[in-house]
Every structure is written in C-alpha cells, then in structure tokens.
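Working notes, beginning with the structure itself.
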Amino acid sequence: MPELPEVETVRVTLEKEISNEEFAQVDAHYPKIITNDTHEFKQKIVGQKINRIDRMGKYLIFILDQDALIIHLRMEGKFFIKLDEPIQKHEHVVFHFKSGRNLRYHDVRKFGTITLIPLSEYLDTYPLNQLGDEPKDINIEHFYSVLNKKNTEIKAVLLDQHIIAGLGNIYVDETLFLSHVHPTRIASSITYDEAKWIIQAAIQVLDKAIQLGGTTIRSYTSSLGVHGRFQNELNVHMKANEPCPRCQTKIIKMKVKGRGTYVCPSCQK
DNA sequence: CCCGTGCCCTGGCGGC
DNA sequence: TGCCGCCAGGGCACGG
C-alpha cells in the first residue's frame, strides 16, 4: 500500500536508475493498466527520454521530452529494472529502453494506472488537477474552513486526496494518534487547534517515514528490493490489543468507512 | 453539491 | 491436506 513516503522512496530510486533512458518499445501484457489507447500510447512514448521523475501526492510523474507519464501504484504496484529475460507473473507492462534494460510494472491486484499526457496539459488535466495540497503545503486556515463544512468522519476527510494529498490508511491512523484525535470525530467538530495539530502530525509522520524509506508491511516492498523501516515506528496501525505507547490502554481495531482503523480509545478524543 | 455503496482484482488466511 | 469463501484497499462511477 504505497502512500506518499513509499512513492517518494520509489521516485528517488527510479530517478537515480533510469534518468536519461530512452523508450524503444512497450509491451502491454495487461493493457487495462494503461488508461490511454494502447496503440497511441506506444506510438507516442517510443523515442522519448526520461528527463526527470517527480511526485505529487501518491502519483509518480516521469517527465519525458513531450509528455508526462503519470503512474499510480494503488495497493501493490511496483517497478523492477531488468535485462531481457522471461516475463514473470504479474509483470503487466514492460518498457524496453534503447540501452537494452527494461522497466517492468508489476502489480498483483492490477489496480494501478499509467497515463500519458502532454507536458503542456498534465497539471491542468485529470487526475493531477483534482489533487489537494500535501500536508507540508496546506494552508491551515483553508483546511480548517474545509473541515468546518464537512459532515463526515475526520478519517474519511484525511483519506480524500482532493482535500489533502498523500495520506493513506496507515499514515492517517498514525497522524490521528499523534494529534490525539479520534478517527470517528465529525470533521466539523474539529477545532482550529486540532486542525493545526493534525497537519503538524501528518508532516512529522510523513517526513520520518521518508527518512526511513517508507513502511514495509504485508506484501508491499518498494521497487528494486528496497525495504522501508518505518513499520518499526508505528504507534497504532496493526497494533490491535497491544498497549498504547502513551497511556498503555489496549489499542483497538475498528471499521471507519469500511477501512480497518486502529485507535487508542483512551487518549484519542 | 454531498455522501454512501459497489466495483475493480487476486493472494492469503480462517474455517472445516 | 485441500478446498471454499471472504477480506484487504484507493479511487471512481453511480445513485439517492
């Protein structure tokens, strides 16, 4: 489940590995991953070079000569760099470079998406034009005024990428724990100070996770075998029945808007 | 506009 | 041991 820190880890690794590579051919073994018309996609991308790799929220953005390649890894998307060797199970899209190396998109659940959009439009086009600011760029007054109008649980608001970009299930649980806010609180009841604590906690959690290369739990590993270490820093996520690090109360697992949610019932209000 | 539900997909796990 | 059924989850389409 790559969230902002895992995607950033992938971005850094990929930029180091494949900047300046030129696309020679694309094999789409499972074409649904690519949201463009497959034929047009291949025709356009061949001959372009990777100049830079950016990230916005959980999206990776390959800056090519004419177009931006916009990638969302969803739950289990990952990349591998290989030479020409047999295709493995779950390698759905293979980008062949002129150098002879391949970039392989691997995704057990096939939920990820890859989209090619001209450089002149990509920031003003779906999906990136829908994206809210990341926690580090959020204006607190504006965020507070948005919360004020929301009649839904705070956890759902923090997961909404239109409002705030980069947080997923793990980091929302951790952010709410650090800010002492209970995930089922109705957003409009959040005070200005709590809104400020939430943003500060989100920034702190994401920064720490980026420093540690992200979180490796379940089946998710970063690209190229990189393993994050933030799982050792988790306070509540996946900690059902363990003592709260602050007050020793048992962490409970509950459902919030259908999402597995971990909370300290005593010190999150 | 706002919010809830179901869908996409497959490996892994619990239950028997 | 083997099989079945269900769950996980980000984001969108759709419906009330």
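Because only heavy atoms are used, hydrogens play no part in the values below, and waters and symmetry mates are left out as well, while side chains stay in.
Note: the hydrophobic cluster containing A:V146 also contains A:I198 (ILVMFWY, side chain heavy atoms under 4.5 Å, direct or indirect links).
For A:K32, a side-chain nitrogen or oxygen approaches OP1 or OP2 of B:dC9 to under 4.0 Å. Residue A:H72 places none of its side-chain N or O atoms closer than 4.0 Å to OP1 or OP2 of C:dG10. Between C:dG11 and A:H162, no contact under 4.0 Å exists linking OP1 or OP2 to a side-chain N or O. Checking the phosphate oxygens (OP1, OP2) of C:dG10, a side-chain nitrogen or oxygen of A:R259 falls inside 4.0 Å.
Counting any heavy atom pair closer than 4.0 Å across all strands shown, A:G260 reaches sugar-phosphate atoms only and no base atom. Residue-level contact check: A:D107 touches neither bases nor backbone, having no heavy atom under 4.0 Å from any strand.
A:K155 places its NZ atom 15 Å from the P atom of B:dG4, with the value rounded to the nearest Å. The nearest whole Å value for the distance from the NZ atom in A:K253 to the C1' atom in C:dG9 is 11 Å. Across the protein-nucleic acid pair, A:K257 atom NZ and B:dG6 atom P stand 14 Å apart, rounded to whole Å. Nucleotide C:dG10 holds its P atom 11 Å from the CD atom of A:E76, rounded to whole Å. At whole-Å resolution of the value, NZ in A:K149 and P in B:dC2 are 9 Å apart. One atom, CE of A:M238, and another, C1' of B:dG12, lie 13 Å apart when rounded to the nearest Å. C:dG10 atom P lies 10 Å from atom CG of A:D173, rounded to whole Å. Straight-line distance from the NZ atom of A:K110 to the C1' atom of B:dG11: 13 Å, rounded to whole Å.
For A:F111, the side-chain atoms get nearest to B:dC9 when compared with the rest of B:dC9, B:dG11, B:dC3. Looking at the side chain of A:H90, the nearest of the listed nucleotides B:dG11, C:dG9, C:dG10 is B:dG11. For A:T152, the listed nucleotide lying nearest its side chain is B:dG4; candidates were C:dG10, B:dG4, B:dC9. Nearest to the side-chain atoms of A:K58 among the listed nucleotides B:dC3, B:dT10, C:dG11 stands C:dG11. Nearest to the side-chain atoms of A:M75 among the listed nucleotides B:dC9, C:dG10, B:dC3 stands C:dG10. Distances from the side chain of A:Y59 to the nucleotides B:dC3, B:dG11, C:dC12 place C:dC12 closest.
If you check the side chains of A:E194 and A:S179, you find no donor sitting under 3.5 Å from an acceptor. A donor and an acceptor atom, one from each side chain of A:E174 and A:Y262, are nowhere located under 3.5 Å apart. For A:T215 and A:Y171, the side-chain atoms include at least one donor-acceptor pair closer than 3.5 Å.
As the counterpart of C:dT1, no nucleotide is assigned, since no Watson-Crick or G-U wobble pattern has both distances under 3.5 Å.
A salt bridge links A:R101 with A:E21; the closest basic N to acidic carboxylate O contact falls under 4.0 Å.
In this structure, A:H72 and A:Y59 have perpendicular ring planes: the angle between them is above 60°, well past the 30° mark.
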